[in-house]
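Remarks on the structure that follows.
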Amino acid sequence: MITANDLITQIRTYNPDIDGALITRAVEFAKLKHEGQTRASGEPYYTHPVEVAGLLAEMRMDPATIVTAILHDTLEDTKTTFEELKKTFSEEVANLVNGVSKLSRIEGQTVEGKQAENFRKLVLAMSDDIRVLLVKLADRLHNMRTINAIEKVEKRRRIARETIEIYVPLAERIGMHRVKEELEDLSFAVLNPEARDSIAARLLYLRAEGGSDMVKGIIVTLTKLLKEAGIGADINGREKTRYSIWRKMQRKNVAFEQLSDIMAFRILVDSVEQCYHALGIIHSQYPTVPGRFKDYISTPKQNGYRSIHTTVIGPENQRIEIQIRTRDMNAEADLGVAAHWSYKGGQMKADLQDAKKYRWMRELLDLIENDHKPEDFLENTKLELFQDQVYVFTPKGELIEIPTGATPIDFAYAIHSGLGDKCVGAKINGRIAPLNTKLHNGDQVDIITAKNQNPSPTWERFVVTGKAKSHIRRFIRQQQRSEYSTLGKAMLQKVFAMEGYEFTDKAVNNVLDQFKAEEPDDLFSGIGQGNIVARDVFKAIFPGHKSVPSRPGGDITEQNIVNKKPDVKSSKPMPIVGLIPGMAVHFARCCHPLPGDRIVGIVTTGKGVTIHTTDCETLENFADTPERWLDVSWGDGADSPESHIGRLNVTITNTAGALGTLSTVIGKNGGNITNLKITNRSLDFWDMLLDVYVNDTAHLKDIIAALRATPQIASVDRAKGR
Ligand code: MN
């Protein structure tokens, strides 16, 4: 909290003649009038107008504006009258405070769409002195800086929405870039913290990728280049704001891939001549990007902005945006209209009696009235609100918006259904991660695909987006349908063969209608699923045919064929889901995965797939070849009494009978030792590796627990992969 004295000290830095007593009197007046009132933060109310005055002092404003700021809420929120202000201070101040109060009165209404445009016009129309608007913007800035003291989310959001729809465009229109950017970022934080955080995370990522070194390199090179030409320039690299990056990405659907996309370099020199000199040097040294050169020095923007903009393929072979301007222009670009009321060398730059301010107002109103497409203007300033979304990036830096809880599979389908269908793995922020990982704001997701991969039924358990779900289901249905269709066709062919006919597709076409099938496949899959009896189809095709009598040894019936349908359980395949059909599978010897463990498959050329536990250390060897990772899980039947090998590190005491006890305990618990190797023998203890046949993890855990309960066993642990 700043005091009257802080305020005076601040003003003295640019206006030594300031009447300190006037400032003190104004602060005392506000303190007295706002007595008993508090802010949402609990602080005395008068601290707010004093802070607002502080903001205007930072902008080097004239005394009347600063006093107005201190008193800006007295007319509206206290019993103070216009006459009282006029008598105690001045008519000028009373008028200004009155103007701010009028603005405050129209505030707080819902502003939506078209209304926002009208609202802005209203604000401008009511600010008959532009300083009223400056005070209002500073007021809003302080309120936004302290918005988190407001408890109700809805109220915070309403204020932020109003700020971004009304005050940000106004600050922009009068050229107050610094205020505009801060208001934008503060509103963005309230309205869409997820998007803001995700961009912040992306910026961090790019900086960590060595971006800041690149920026330094560019500054050093440019500085040297200009120095050789005798130009003493200040060059800085400035990150674009999070909000402007987000807007750009939304509006143009563009990605930001590298730091140069988010940096603007600014060259500050002493004179206009030097601006063009510097421009000439840069353009002769580096290729320019066409269509990006703008000279706002010879033709200033309507809000008074002056600068040269250009984009070149600069040092480090990076496309960089460069702004060239004088130090004075830079100060004006930050402050905009406010610069006209600021002090320079003890002299006010603008004469307040000058009709100039009215011209400013006219120009501003004109600008807004003649805005060709107010809708566009609105589009660019309105924030869309997504609460339950996270924002993640593609490797190319595109911002993808997906629901909270979404996984890499959802992400893959969100980009392209083909990408989802062929997905075998994912890298999140450069690291291999399970496909069921929940994505967070700012994550960069890289989907790994394989040509022969198909959607896995296990995915359906964890995806959250409708698109992913429906694609996975559709694939499963199609796959089932084609299995049933093959089966049904085989059944029908058998019937034909038994009856001594040759099967043709053509024969089937004639009876499709009878069985309500549109194409032969419908009929075949109907037979395969058991909804249609193959012999009925045959009878329909050959109505007068008499069946051949049954032969000894058993007729081939539909039932027999159905039983021949490839069945997972009958042929004892590996009980693992997510494998590529036809690939050989075996369990890794390093970690001995058991049903119940979380597992991953590694594809080895010529060897098929090796199943490891997800915490197996051997996996580090495959970190660089993500295309070999397969997302697998235990399927049904994995916990059948099929034996798997569990490997244990056991330390037993070197006592008589300890080894016997060990094997007894394991045997009693249904385990079967298949291998035992003593790895270390000391006087008191033996360390050994033990392979035990078990059913699953739970079984192994039981055995471990039983061993731990045995006195001769010093320690037991499951051996991890080496
Ligand atoms: Mn206020």
Side-chain angles (χ1 to χ4, degrees), residues 432 434 572 574-576 579 584-604 606-623 625 628-630 632-635 637-722:
I432 288 280
K572 274 234 177 232
M574 199 58 83
I576 287 174
L579 293 170
V585 187
H586 51 91
F587 291 111
R589 296 233 181 85
C590 41
C591 52
H592 294 284
L594 294 176
D597 289 338
R598 292 180 57 197
I599 50 173
V600 67
I602 298 292
V603 181
T604 311
K607 276 180 78 182
V609 181
T610 311
I611 306 297
H612 293 263
T613 60
T614 51
D615 57 357
C616 177
E617 283 165 19
T618 309
L619 291 177
E620 281 176 16
N621 302 336
F622 306 105
T625 49
R628 294 173 58 189
W629 292 56
L630 266 187
V632 294
S633 60
W634 297 98
D639 48 359
S640 64
E642 158 89 358
S643 288
H644 300 268
I645 291 174
R647 177 167 284 186
L648 300 175
N649 281 317
V650 183
T651 304
I652 63 173
T653 55
N654 185 7
T655 50
L659 211 50
T661 309
L662 176 78
S663 63
T664 309
V665 171
I666 291 173
K668 268 188 182 167
N669 283 282
N672 182 12
I673 299 173
T674 69
N675 191 15
L676 187 153
K677 186 177 160 200
I678 298 186
T679 53
N680 187 33
R681 246 183 251 252
S682 70
L683 198 60
D684 298 323
F685 297 105
W686 289 6
D687 298 331
M688 56 186 74
L689 263 178
L690 212 59
D691 287 345
V692 185
Y693 270 133
V694 291
N695 297 334
D696 55 20
T697 331
H699 188 191
L700 188 64
K701 279 184 183 155
D702 286 345
I703 291 173
I704 291 172
L707 288 172
R708 284 182 180 155
T710 309
Q712 287 100 324
I713 314 289
S715 76
V716 188
D717 280 297
R718 184 153 175 210
K720 291 291 172 207
R722 291 149 288 144

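Only a predicted model underlies this, so the values are computations on that prediction, with no experimental measurement involved.
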Please evaluate residues D687 and N649 with respect to the criterion side-chain contact (heavy atoms from CB on, under 4.5 Å), reporting the C-alpha separation (whole Å), side-chain torsions for both, the decisive distance (0.1 Å), and the verdict. CA-CA 7 Å; D687 298 331; N649 281 317; over 6 Å; no

Take L707 and L648, measure what side-chain contact (heavy atoms from CB on, under 4.5 Å) needs, and give me the verdict at the end. CA-CA 11 Å; L707 288 172; L648 300 175; 4.0 Å; yes

Starting at CD1 of I645, measure out to SG of C591 and round the result to the nearest 0.5 Å. 12.0 Å

In terms of ring plane angle, is the pair F622 and H612 parallel, tilted or perpendicular, where the classes change at 30° and 60°? tilted

Is the shortest side-chain heavy-atom distance between R708 and D717 below 4.5 Å? yes

Output the distance between atom CH2 (W686) and atom OG1 (T653), rounded to the nearest 0.5 Å. 10.5 Å

Quick one, K701 with D696, criterion salt bridge (Lys or Arg N to Asp or Glu O under 4.0 Å). Give me CA distance, side-chain angles, the key distance, then yes/no. CA-CA 9 Å; K701 279 184 183 155; D696 55 20; over 6 Å; no

State, to 0.1 Å, how close W634 and D597 come at their nearest heavy-atom pair, and which atoms those are. NE1-O, 2.8 Å

Minimal heavy-atom distance between I652 and L659, with the atoms involved, is CD1-CD1, 3.8 Å

Interatomic distance, CZ@R589 vs OG1@T618, rounded to 0.5 Å, equals 12.5 Å

How close do Y693 and H699 get, counting heavy atoms only, and between which atoms? O-CE1, 4.5 Å

Spacing of CD1 belonging to I666 relative to CD1 belonging to I704, to within rounding of 0.5 Å: 10.0 Å

Minimum-distance pair of heavy atoms, taken over all atoms of R718 and H592: NH2-O, 2.8 Å

Closest heavy-atom contact between G671 and V692? CA-CG1, 3.9 Å

Is it the case that the side chain of T613 and the backbone of I599 share a donor-acceptor pair, with hydrogens and angles ignored and the cut-off at 3.5 Å? no

Heavy-atom pair of closest approach, residues L690 and V650: CD2-CG2, 3.9 Å

Should L662 and Q712 be marked as a side-chain contact (heavy atoms from CB on, under 4.5 Å) after you check the CA-CA gap, both sets of side-chain angles, and the distance that decides it? CA-CA 8 Å; L662 176 78; Q712 287 100 324; over 6 Å; no

